[in-house]
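Remember, it's a predicted structure, so these values are computed and weren't measured experimentally.
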Amino acid sequence: MKKIISIILLIVILFVLSQTNPGRSAYIEWITGEAMDQSSTILEKGLLSLAGEKVFDMGTTETDYFIFSVYKTDFSEIGLGKVTCVGVFNKFIPVSKSEK
């Protein structure tokens, strides 16, 4: 009986994780918002609001593992570094950030 309950619980957890795996568009919106929050000037915020989503979309790769996703945004060529985030439960958790 305990084995059946454990299997059912595992199936429910996997189902919830798969349904709350955030998509690429949600990540692009999130990373753009984070960049705008860290911007210090009105000019930077204006540029991010106009072209931020397209720029972040071009520099981002996604690896989907069905129950979570890993997003890597690389702007090391322009001096902004790399950011790696895990998307799970409709949230994004930064796991590494390098400046160059």
May I ask you to test the [X]-[Y] pair for a side-chain heavy-atom distance under 4.5 Å?
| X | Y | answer |
| --- | --- | --- |
| K3 | I7 | yes |
| V88 | I67 | no |
| E53 | E29 | yes |

Which pair of heavy atoms, one from [X] and one from [Y], lies closest together, and at what distance?
| X | Y | result |
| --- | --- | --- |
| T32 | I28 | OG1-O, 2.7 Å |
| P22 | S69 | O-OG, 4.0 Å |
| F92 | G23 | CZ-O, 4.3 Å |

Nearest 0.5 angstrom please: [X] [atom1] to [Y] [atom2], how far?
| X | Y | atom1 | atom2 | answer |
| --- | --- | --- | --- | --- |
| S25 | E62 | OG | CD | 9.5 Å |
| D74 | T84 | CG | OG1 | 9.0 Å |
| I31 | F56 | CD1 | CZ | 6.0 Å |

| Can F89 and L17 be said to form a side-chain contact (heavy atoms from CB on, under 4.5 Å), step by step? | CA-CA 6 Å; F89 291 120; L17 282 169; 3.4 Å; yes

| query | Side chains of N90 and T20: donor-acceptor distance under 3.5 Å anywhere? | reply |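 Distance-only check fails for N90 and T20.
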
| field | Distance-only donor-acceptor check, side chains Y27 and T73, under 3.5 Å | value |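 Yes - a donor-acceptor pair under 3.5 Å links their side chains.
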
| said: Tell me if a side-chain donor or acceptor on S18 pairs with a main-chain N or O of F15 at a distance below 3.5 Å. | reply: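 Yes: the side chain of S18 pairs with the backbone of F15.
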
| request: Say whether, by atom type as modelled, one donor and one acceptor occur between the side chain of R24 and the main chain of Y71 under 3.5 angstrom. | output: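 No, R24 side chain to Y71 backbone: no donor-acceptor pair under 3.5 Å.
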
| task | Check the surroundings of atom CG in L10: do more than 12 heavy atoms from other residues, nucleotides or ligands lie under 6.0 Å from it? | result |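 Yes, CG of L10 has more than 12 neighbouring heavy atoms, counting only those of other groups under 6.0 Å.
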
| Do other residues, nucleotides or ligands put more than 12 heavy atoms under 6.0 Å from I42 CD1? |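 No, the 6.0 Å shell around CD1 holds no more than 12 heavy atoms from other groups.
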
| query | Is there a path of hydrophobic side-chain contacts, each under 4.5 Å between heavy atoms of I, L, V, M, F, W or Y residues, that connects L14 with F66? | reply |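 As far as the 4.5 Å side-chain criterion goes, F66 and L14 are connected within one cluster.
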
